[in-house]
Every structure is written in structure tokens, then in C-alpha cells.
Amino acid sequence: QRTRTKHIGVLATPGTVASESYVIELLKQDSTLTVTQQACPMWVPLVENGEADAAGADYFVEKYITELIRQDDSIDTVILGCTHYPLLLPKIKTYMPDNIQIVSQGELVAHSLKDYLHRHPEMDVKCTKQGSCRYLTTEAADKFAESASNFLNEQINVERISLE
């Protein structure tokens with residue numbers, strides 16, 4: 001719905017690119033689209049290690065955007081195909097050509113959920129509106145808390161648990 005040229009780029013993790021999930025779903029909606037993917041194997045580690053704003057991240061952000069555009073210079077819409085990538089958005093906007101619009105996965109999921117709940121009011125009434133969050137991990141609680149706090153933009157408490 002957003003593309004004018006019908007050329008869409010996808011920046012995603014290597015696993016997502018290999019699965020071709022975005023290609024499959026986009027072509028279901030419009031078989032005339034050209035979908036070009038670019039794996040960004042360094043972006044998740046940059047985010048998870050708190051380096052999204054660091055100067056060193058610029059190299060990898062520019063590198064993968066350049067590699068995507070080199071594959072198809074008719075791309076006018078790029079989907080960020082990973083939940084980590086919006087944390088790199090300031091740098092992505094710096095290196096993305098001005099004529100290309102950026103679509104965040106989270107934005108798509110939120111719109112889809114809103115539409116679904118609108119069409120299924122019986123499900124909406126089952127949703128807890130005053131819930132709370134409890135964060136559990138089987139890994140290092142401090143590391144998880146640091147990463148999650150970056151994502152959520154608020155300090156969180158994490159409990160380490162053992163699954164036996």
C-alpha cells in the first residue's frame with residue numbers, strides 16, 4: 001500500500017532473510033512486487049550491547065543500507081524486519097536515501113492488532129486493560145535488564161529463574 005515503485009527492501013536478521021517470510025507474505029498481497037532482502041548480522045549485537053548510538057554503529061548501518069540499495073536502486077520502501085532495529089532508527093534515517101520511506105515492524109504489528117481487535121470485539125473484551133509485567137529470564141538477569149530497559153525506555157526489574 002505504501003510503495004509507488006512496487007520495489008520493497010527488507011533489512012532483517014540472517015535467519016529472517018533465509019526464511020523469506022517477508023518475501024512470501026508481501027507477494028501474497030501483491031504478486032507484482034519486487035522484494036529485495038539484506039541480512040544485517042551486526043545490527044542485533046550492536047543493540048543488545050548498548051552500542052546503537054555509538055559511532056562504531058554507523059559503519060554497519062551504512063554498510064547494509066548501501067548493500068540493499070546496490071541490489072535494487074528502484075526501492076522506495078524499506079521494512080525493518082526485526083524488533084531490535086527501531087533502536088537504530090536515528091542512524092538508519094541518516095544513511096537511508098531521502099526518497100525511501102522506512103516502515104518499522106512494530107508499527108505494522110500494532111496496526112494489524114488494532115484492526116484485528118476492531119473486527120473481533122469478542123477478543124478485545126477478553127484483553128486485560130490494567131495488567132502488569134513481570135520479567136523472568138534463564139540467563140544473566142543484569143544483562144537482560146540492561147537490554148530490556150533500552151528497548152522499553154524505562155528501568156525494569158528482572159528475576160533469574162531455572163527451568164528444571
Side-chain angles (χ1 to χ4, degrees), residues 1-116 133 135-156 158:
Q1 294 173 346
R2 297 180 187 206
T3 180
R4 297 171 314 283
T5 63
K6 293 190 170 255
H7 289 251
I8 297 175
V10 177
L11 296 167
T13 64
T16 298
V17 168
S19 76
E20 295 198 343
S21 57
Y22 279 93
V23 176
I24 292 165
E25 292 304 317
L26 288 165
L27 292 178
K28 282 181 188 177
Q29 293 185 26
D30 183 347
S31 62
T32 67
L33 292 173
T34 299
V35 182
T36 305
Q37 301 185 98
Q38 177 59 51
C40 307
M42 291 302 297
W43 286 13
V44 169
L46 287 168
V47 170
E48 288 185 346
N49 288 291
E51 297 292 327
D53 294 327
D58 288 77
Y59 171 82
F60 292 105
V61 171
E62 182 179 24
K63 172 185 168 81
Y64 299 132
I65 290 171
T66 300
E67 289 177 8
L68 175 68
I69 304 305
R70 189 177 294 134
Q71 292 179 66
D72 180 358
D73 62 4
S74 295
I75 291 171
D76 72 344
T77 305
V78 170
I79 296 172
L80 302 182
C82 176
T83 56
H84 288 63
Y85 294 178
L87 293 173
L88 290 165
L89 199 51
K91 291 192 184 293
I92 292 168
K93 287 180 176 177
T94 298
Y95 296 105
M96 190 68 68
D98 291 336
N99 63 315
I100 297 177
Q101 64 179 314
I102 302 166
V103 179
S104 173
Q105 178 192 38
E107 177 186 336
L108 295 173
V109 171
H111 287 298
S112 178
L113 178 59
K114 182 179 178 181
D115 177 61
Y116 176 84
C133 292
Y135 300 94
L136 308 171
T137 183
T138 58
E139 300 296 325
D142 291 344
K143 183 69 176 162
F144 183 94
E146 180 183 332
S147 294
S149 294
N150 283 338
F151 279 103
L152 300 172
N153 204 23
E154 65 181 68
Q155 202 60 33
I156 66 161
V158 178

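Since the model is a prediction, treat every value here as computed from it, not as a measurement.
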Return the orientation label for the Trp43 and Tyr85 ring planes: parallel under 30°, perpendicular over 60°, tilted otherwise. perpendicular
I need the Asn49 CG to Met42 CE distance, nearest 0.5 Å. 9.0 Å
Val47 versus His84, closest heavy-atom pair with distance: CG2-O, 3.6 Å
Show your reasoning for whether side chain to side chain contact (heavy atoms under 4.5 Å, CB included) applies to Lys91 and Leu46. CA-CA 12 Å; Lys91 291 192 184 293; Leu46 287 168; over 6 Å; no
In short, Pro41 meets Pro14 closest at the heavy-atom pair CB-CG, 3.8 Å
Is it true that a side-chain atom of Thr3 and a backbone atom of Thr77 form a donor plus acceptor pair closer than 3.5 Å? no
Measure the CD1-CD distance between Ile156 and Glu146 for me, rounded to the nearest 0.5 Å. 11.0 Å
Any non-hydrogen side-chain atom of Ile100 less than 4.5 Å from a side-chain atom of Ile69? yes
If only atom types and distance count, is the side chain of Ser19 paired as donor or acceptor with the main-chain N or O of Thr16 below 3.5 Å? yes
Any side-chain heavy atom of Tyr95 within less than 4.5 Å of one from Asp58? yes
Heavy-atom donor-acceptor pair, Gln71 side chain to Thr36 backbone, under 3.5 Å: no
Any side-chain heavy atom of Ile102 sitting closer than 4.5 Å to one from Leu80? yes
List the steps and the verdict of side chain to side chain contact (heavy atoms under 4.5 Å, CB included) for Ser74 and Thr34. CA-CA 9 Å; Ser74 295; Thr34 299; over 6 Å; no
Between Gln37 and Glu20, is there a side-chain heavy-atom distance shorter than 4.5 Å? yes
Write down the atom of Ile75, the atom of Gly9, and the distance for their closest heavy-atom approach. CG2-N, 3.6 Å
Does a side-chain N-to-carboxylate-O contact under 4.0 Å join Arg70 and Glu67? no
Under 6.0 Å from the NZ atom of Lys93, do we count more than 12 heavy atoms belonging to anything else shown? no
Quick check: closest heavy atoms across Ala39 and Tyr64, and the distance to 0.1 Å? O-CD2, 3.6 Å
Side chains of Gln101 and Arg4 in contact at under 4.5 Å (non-hydrogen atoms): yes
Full working for side chain to side chain contact (heavy atoms under 4.5 Å, CB included) between Val78 and Ile65: CA-CA 10 Å; Val78 170; Ile65 290 171; over 6 Å; no
For the pair Asp76 (side chain) and Thr5 (backbone), establish whether a donor and an acceptor sit closer than 3.5 Å, ignoring hydrogens and angles. yes
Might you point out which heavy atoms bring Leu27 and Leu33 nearest each other, and give the distance in Å? CD2-O, 3.5 Å
